[in-house]
Every structure is written in C-alpha cells, then in structure tokens.
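Worksheet: one structure, shown below.
Proteins get letters first, then strands, A, B, ... in listed order; numbering begins at 1 in each. Computed from heavy atoms alone, side chains included, the values below leave out hydrogens, waters and symmetry copies.
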Protein chains: 2
Amino acid sequence: MTSLPGVLGDLDPTSDRAVFRQIADQLRDAIAHGRFREGEKLPSEAELVEHYGVSRMTVRHSFSLLQGEGLVHAEHGKGVFVRPRPPVRRLASDRFARRHREQGRSAFLVEADTAGSHPTVDRLEIREEKAGQDIATRLGSVRRVLARRRRYLLDGRPVEFATSYLPLDIARGTPIAEPNPGPGGIYARLEELGHRLDHFEEEIRARMPTPTETKTLQLAPGVPVIHLIRTAYDTGDRAVEVCDTVMAADAYVLSYQLPAT
Amino acid sequence: MTSLPGVLGDLDPTSDRAVFRQIADQLRDAIAHGRFREGEKLPSEAELVEHYGVSRMTVRHSFSLLQGEGLVHAEHGKGVFVRPRPPVRRLASDRFARRHREQGRSAFLVEADTAGSHPTVDRLEIREEKAGQDIATRLGSVRRVLARRRRYLLDGRPVEFATSYLPLDIARGTPIAEPNPGPGGIYARLEELGHRLDHFEEEIRARMPTPTETKTLQLAPGVPVIHLIRTAYDTGDRAVEVCDTVMAADAYVLSYQLPAT
DNA sequence: CCTCTTTAGATATCTAGACGAGTAGCCGAG
DNA sequence: CTCGGCTACTCGTCTAGATATCTAAAGAGG
C-alpha cells in the first residue's frame, strides 16, 4: 500500500464542502505543487477508496471533476495520470507576411519549422458548395464558393482543422482548386490572379468542442478549442477568402502586434 | 407526464455506445435542433428515468456530460436548463487607439458603450509587489512593480479580471498609483510621463479556468477562459506595462486587423 | 391582505455493490 | 525461446437505493 498520507491529507467531516470536492481539491493541490509530476500516475481508485474511507463512485466523481478541468486523463486498465502539457505552437501576427509567401513557404510550414516540429497535412478535401449564411455575408453575399478543407498535424498529433472559402468566380479553374496550389499557398496564387492582398481580419473565440471536433482533433476531455475566422481583403477592399479554423487550445498561443496609433 | 417520445427517441440496446452517452447524444441533438430552446427546462431526472427505464445515476451522468460541454446548467431544486448564450463583447484591435485616449475614455468603457451595455469596475486593488518570473521577464528583468488589479462587470455580470504590472520606477507616486488614474486611463498617464506608446504585443491562450477563476468570474461549468497577456512598449522599445487578463470565453470575441505586408 | 408553514418535486451527495473490459506480468506448454 | 492463457489490477458502466437541500406553490393563521 502506498503511503498516501504523506501526499494527501484527511477529509474534514465538519466542512460543508462536498467530499468529492475535498478530494479533488487535495489532488489538484498536490498536482499544482508538483507532488505529482506530469505524466505521473495518480493513486488508483481503490487506493483512494481505502485512504479516504469513501465509496468508489465518490472517488470517481472527484476524478471526473479534474478531468473536466483538463488536469488529468484516465487510461482504461492503466490508471489516472497527470496530463502533460503539450508543446505549444506560437502563431505570430506576421505569419502571413508577403516575404514568407515570396519564399514559397506556406504559413503553417513556416510556423512549424520555427517550433522545430514535424508538420503534416491530412484529410485534404476540395469542393464547390453553397456557402452558409455567415460565410456568404463575410464574402460580400457570395453564395457559390470553393471550399478547401484540411487537417494539420504536428508530430502526428492533430492540432488544427481548417476550411478556406473562396468565391467561385475567383478560384474556379485556377491552381487554388488543385490539391497542391503551389509554392506560397493560395495567398500567393490570389496575388498572381490580380488580387493583391491588403489586410486580414481575424475573429477569435474560445469554447468547448463539439463531439465532432473532439473526434477530429482527438481532444482530451477538458480541452477547449480556439475558433479563428480570418477574412482576407484585397486592395480593392473585396473579401477574397474566409478561413474558418478550429484549433486545439492546448497546442496554441496566438500572438499579435497592435500599433498604438 | 410529458410526452417525451415526441422529442426523445429510444435507446439502442444493441449499440456498444454507453447508455449515458446515447442519452446525452439525444439531448444534445434535441438542443441543437431547437426542440429545446435557450433557457428552457429539460425533462427532470425522474422523467428521464421513467422514459428510458434506466437508473437515476445514469441520467445524471448524461447531464454531467452536457454540463461539461457547457450546453446545459443545473439549478438546485428547479431543474436542468439549456444554457443561454450571453451577449458577447467584441474587442476590436483599435481599442487602444490614441484617439480614444485623447477623448478621455478608457478602453473598457469605449467597448462597453458600443455594445450598449452597462459597465462596472470592481475589486480595485493597487499594491507594490515583487513580480513573478514571467512578468519580470516581460518587463525587462524588473522585479519591483506596481500591480493594479480590477474586475470588470457588464450589466452586473463579471466578465473579466485583469492585473496591470508597471515598473515601480515609472509608476510610483504618479496618478497611476491612484485608484482613479484620471481621464484616458493609465496609458494616457504613461504618455504624459514621457513614455509615448509605440505598440502593444498580445498573447492569447484558451484553457479551462482554475477554481479561483471560476469563483471570481462566476463561470458556469464548461465555460473556458481566454487568457490574454498584453505588453505595452514605448517608442524607446521599453516594456512599460504588462497586463494579464482572464476573460470569460463565452462573453468575448476578439478581433484583430493584420497588415498583409 | 400578508406572513409563515407545509409539502411536493427537483437536484446534490453518497453508498455498496455488480459486471464489463483493457493492461501487464507471470508462467507453463510447446 | 515463443506463444498462449491465467490472474491481478485497473478504469468503465450501471443499478437501487438513502439522505440532504433547495424551490415554488399551496395552505393555515394572523
């Protein structure tokens, strides 16, 4: 039997705090103070049942709290572990700078290299479709669009799922409609087609994932997603692309530079 | 008895999907399709127990799943309700523009007015303290700082908790150390003190809240937070302020403009 | 008419089990 | 030495209750 008392305290029966919360508090505290390290196995349910003298369901309730907070994850047949924080990818606000396109590098690859990771693209799908209300509005009431879907992985782990929408009258029959749009990505092609890019607008939300997103991004419980919607405008102030991106929040830090003017 | 069969289907005993997941799926689907509207009460635990012929713990397990996704919230003694989406505050990237400061308005008030809401500031606390590792690094190895903490509320609901850190040698004895720093906020004061602002850098993360944050922001279960760290640089490229902000993710949309150059 | 009490119905917490299923190590049969 | 099976330990799912607490509405008493 593990000497749990050295790591975990006792329950306070006089407290009005629910038992399963007290247990969660102690575990959370122990993790925060490094008494359990990243990837380390927590005491098993049976051990905690014995240590605290409670029912197994109560211990499981505590675990499910911590799981909801993204602090731990359970592995069937093995145990409950402190969830390691994955390396984060930093997205700088200059990631679409023209100099990167002119070097023939796509934004994702540029970023991945600076992080020293191995990037992959996956589930590429290109279709012509009717845009939804929101996308159509952003594109200036354009309904017929080309949609480019793809999933990005870093060292084999899916981190991002993105869909680019482009007006059909711009993209149809161009390299943009091809699986590999060529060096510099679709933004480079747009400029070659005469749509010199002027600026981007990005909208950022954070929320819990839908079940579909959980599956696509293989998200652990308690990991939110960052939902980013980028609109690209050309120098004629026309919206030439809308990119809808869902990112695993534990894998990203976004970084922006704002002028003070 | 409510005619649940009209809204919810039956279980599939042959499916290998766990019963509590099947129930959650059906409820999630019903909510997504508007068969239960925002704020509407879901069937009670007892009704679902009867409808599906399962134990109460199983129904509760389903509810706790949906709660973790932020889809529903339970009110003790009343029922389980579809969580209404609160109105979101849109933070534009020009919110620190000098023209706003020159009009004597703080960034928070400017934003709140455009949203037509009633803003409040709360729990103002100003202290001199020793900066943590991270803050010190961002401020250029400055350890002694003035910390300005405050909570922001919108129509009475807490939405944001922020701490500004400023080097003591800049802020001590100035209006910045006062509860009300005067028109235009601390950025206006910094410029008066000779630190003309050049640009800001913002770092954005999303994660689940700590228990402290849950309490401070009165967050419902299943609502992530947006963690924003802004560093302000003056024209001498010195970091003159670091602002650490935790926002209720369901109350915000961040918006940025990026140049394409 | 107002206030306090009662009561029914709702969720919150907890127990003590049962069975299922994945993991890992041991150990014997081939 | 390898493969298979046994077994102990793990988490996953589900049951059938018990007790507590909260809410809202109905009822009793002033």
**Request:** Have a look at A:V72 and tell me which of A:L42, A:L65, A:L27 forms a side chain to side chain contact (heavy atoms under 4.5 Å, CB included) with it.
**Result:**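 Checked A:L42, A:L65, A:L27 against A:V72; only one passes side chain to side chain contact (heavy atoms under 4.5 Å, CB included): A:L42.
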**Message:** Tell me the interatomic distance from A:K78, atom NZ, to C:dA24, atom C1', rounded to whole angstroms.
**Reply:**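 In whole Å, C:dA24 C1' and A:K78 NZ are 10 Å from each other.
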**Request:** Measure the distance from CZ on A:F81 to P on C:dT23 and round it to the nearest whole Å.
**Result:**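 Value for this atom pair: 11 Å.
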**Message:** Looking at B:R85, I'd like to know if its CZ atom is crowded, meaning that more than 12 non-hydrogen atoms belonging to other residues, nucleotides or ligands lie closer than 6.0 Å.
**Reply:**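 No, CZ of B:R85 has 12 or fewer neighbouring heavy atoms, counting only those of other groups under 6.0 Å.
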**Asked** Would one find more than 12 heavy atoms of other residues, nucleotides or ligands at under 6.0 Å from atom NZ of B:K215?
**Response**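 Not more than 12 within 6.0 Å, no.
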**Request:** Identify, between B:M57 and B:K41, the residue whose nearest nucleotide on DNA chain C lies closer to the 5' end.
**Result:**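 It is B:K41, whose closest nucleotide lies nearer the 5' terminus.
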**Prompt:** How do B:L42 and A:T58 order along DNA chain C: which one's closest nucleotide is nearer the 5' end?
**Reply:**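 Here B:L42 is the residue nearer the 5' end.
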**Message:** For chain B and DNA chain D, what are the first and last nucleotides along the strand, 5' to 3', with at least one atom under 4.0 angstrom from a heavy atom of the protein chain?
**Reply:**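 In short, chain B contacts DNA chain D from D:dT13 to D:dA24.
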**Asked** Looking for any heavy atom pair under 4.0 Å, which part of the strands does B:R21 touch: base, sugar-phosphate only, or nothing?
**Response**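 Result for B:R21 = sugar-phosphate.
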**Prompt:** Does a salt bridge link A:R138 with A:D244, judged by any charged N lying under 4.0 Å from a carboxylate O?
**Reply:**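 Salt bridge between A:R138 and A:D244, a charged N being under 4.0 Å from a carboxylate O: no.
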**Prompt:** Without hydrogens or angle criteria, can the side chains of B:Q22 and B:Y52 be said to hold a donor-acceptor pair below 3.5 Å?
**Reply:**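 Absent: no donor and acceptor within the cut-off.
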**Message:** Let's see if you get this right: which residues in residues 59-77 of chain B place a heavy atom under 4.0 Å from DNA chain C?
**Reply:**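 Output list: B:R60, B:A74, B:E75, B:H76, B:G77.
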**Request:** Starting at CZ of A:R60, measure out to CD1 of A:I23 and round the result to the nearest 0.5 Å.
**Result:**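 Answer rounded to 0.5 Å: 13.5 Å.
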**Request:** Would you give the length of the straight line joining atom CZ of B:R205 to atom CZ of B:R207, rounded to the nearest 0.5 angstrom?
**Result:**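 Taking CZ in B:R205 and CZ in B:R207, the distance rounds to 9.0 Å.
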**Residues in ring pair (Phe, Tyr, Trp, His ring centres under 6.0 Å) contact with A:Y256, at least two apart in sequence or another chain** =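 For A:Y256 the ring pair (Phe, Tyr, Trp, His ring centres under 6.0 Å) partners, ignoring immediate neighbours, are B:Y256.
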